Enquirer: 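For reference, the structure I am asking about is given below.
If you're wondering where the values come from, they're calculated on a predicted model, not measured in any experiment. Reminder, nothing fancy here: chain letters follow the sequence lines and each chain counts from 1.
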2 protein chains.
Amino acid sequence: MVIIITMPRKPFKTLEARACQAARHSKRREVIFEVLNSGHSHLNAEEVHHEARKRLPGIGIATVYRALKFLCGCGQASEFIPADGVARYEPGGSRAHHDHLICTSCGRFIEAVDPAIERLQEKLAARHGFKPTRHKLEIYGICAGCAGK
Amino acid sequence: MVIIITMPRKPFKTLEARACQAARHSKRREVIFEVLNSGHSHLNAEEVHHEARKRLPGIGIATVYRALKFLCGCGQASEFIPADGVARYEPGGSRAHHDHLICTSCGRFIEAVDPAIERLQEKLAARHGFKPTRHKLEIYGICAGCAGK
DNA sequence: GGGCATAGTGATAATGATTACCATTATTAG
DNA sequence: CTAATAATGGTAATCATTATCACTATGCCC
């Protein structure tokens, strides 16, 4: 639950720290961070903007995009792009990796991880002489709630 | 190697046949089909347009988009959207499903399938009461060729 | 072979998400 | 407090894709 919205004033040691090069504290960035961490996850930029305006009415959409990008660079948020091509954001960095089950009926996102799948993916990559850095698994279908109807 | 570019004149029995409702033969659609099946795969719409123009100089980008959509509806092509959000196309329908290893250095796409992963994905979905219809697995990293350099 | 209904096409305007630009505002080291 | 400059808001620009519309091509009918 650490918020990094202020700059490390000294030279950066790691790429990640460099990506996080914020020079000044900013109320808007803080609010956008709070929105991402306020429960309803998987918001797109427009939805984040809508929520953020409840707290800071004047905040602009450009600032939302900038802040989201910045937070992703910091490892404080992560972005993923489902089949409709519109980016969605969730709190936490790639360390909190998980896959998505996406209901094509109600649009709900279910998060899931299967260590066995992760391991097999590593092996699959290795068989092709491929060094994986990240991956994306999305399963589209009908969730339990929608199937019951 | 069957080309469906002419309409089934009678009422359609299946959803798939309906999606394939082409009323007339069209040279452009045929050419676009040929481009998709001509070796270099994973082209985006613009690249397909570029190739198609070599064979039919006057062909427009709108027609390319229309034909690609149509071929996908027929099961003669399939679309997937990598992390940059720009759709790419390959011949064949979802029956020829496979996953992608995408090199972030040279942009190459390697196709792969691992039945074990597929099975585990089914189980993962089932554990969440989820009825999967399709899925997408993309592994980003460095391919063997680029790692060697 | 010619006519006709209409599917297909090309040019381009429209769209929607995202980014770039720029004048203004806010932050903070000194 | 002040200067230097990062952050912001509004909006124009961008880019892939879709919609529109006038025109062309296809193929069933005679």
Enquirer: Looking at the side chain of A:His25, which of C:dA17, C:dT28, D:dA16 is the nearest nucleotide?
Expert: C:dT28
Enquirer: For B:Leu43 and D:dA16, give me the distance from atom CG to atom P, rounded to whole Å.
Expert: 15 Å
Enquirer: Given B:His42, which of B:His100, B:Glu47, B:Arg88 fulfils the side chain to side chain donor-acceptor pair (under 3.5 Å) condition?
Expert: B:His100
Enquirer: If only side-chain N and O atoms of A:Arg24 are considered, is one of them under 4.0 Å from the OP1 or OP2 phosphate oxygen of C:dA26?
Expert: no
Enquirer: How do B:Gly85 and A:Gly60 order along DNA chain D: which one's closest nucleotide is nearer the 5' end?
Expert: A:Gly60
Enquirer: What integer distance in Å separates B:Phe70:CZ from C:dA7:P?
Expert: 13 Å
Enquirer: Assuming nearest nucleotide by heavy-atom distance, tell me which of B:Ile61 and B:Arg28 is located more 5' along DNA chain C.
Expert: B:Arg28
Enquirer: Nearest whole angstrom, please: distance from the P of C:dG10 to the CZ of B:Arg53.
Expert: 10 Å
Enquirer: Could you check how far NE2 of A:His49 sits from C1' of D:dG9, rounded to whole Å?
Expert: 9 Å
Enquirer: Rounded to whole angstrom units, what separation is found between the CG atom of B:Asp84 and the C1' atom of C:dT18?
Expert: 13 Å
Enquirer: So, is B:Tyr65 close to the D:dT18 phosphate, meaning a side-chain N or O under 4.0 Å from OP1 or OP2?
Expert: no
Enquirer: Quick one: are the ring centres of A:Phe80 and A:Phe109 less than 6.0 Å apart?
Expert: yes
Enquirer: Please report the closest heavy-atom contact between B:Val48 and B:Leu43, naming both atoms and the distance.
Expert: CG2-CB, 3.7 Å
Enquirer: Looking at B:Arg55 and B:Glu34, what are the two nearest heavy atoms and their distance?
Expert: NH1-OE1, 3.3 Å
Enquirer: Heavy atoms only: give me the nearest A:Ala116-B:Leu120 pair and the separation to one decimal.
Expert: CB-CD1, 3.8 Å
Enquirer: With respect to the phosphate group of D:dA7, does any side-chain polar atom (N or O) of A:Ser26 fall under 4.0 Å of OP1 or OP2?
Expert: no
Enquirer: Starting at atom NZ of A:Lys27, determine the distance to atom C1' of C:dT28, rounded to an integer number of angstrom.
Expert: 18 Å
Enquirer: Nearest-Å distance, CG (B:Asn44) to P (D:dC15)?
Expert: 14 Å
Enquirer: Calculate the interatomic distance between B:Arg66 atom CZ and C:dA7 atom P; express it in whole Å.
Expert: 13 Å
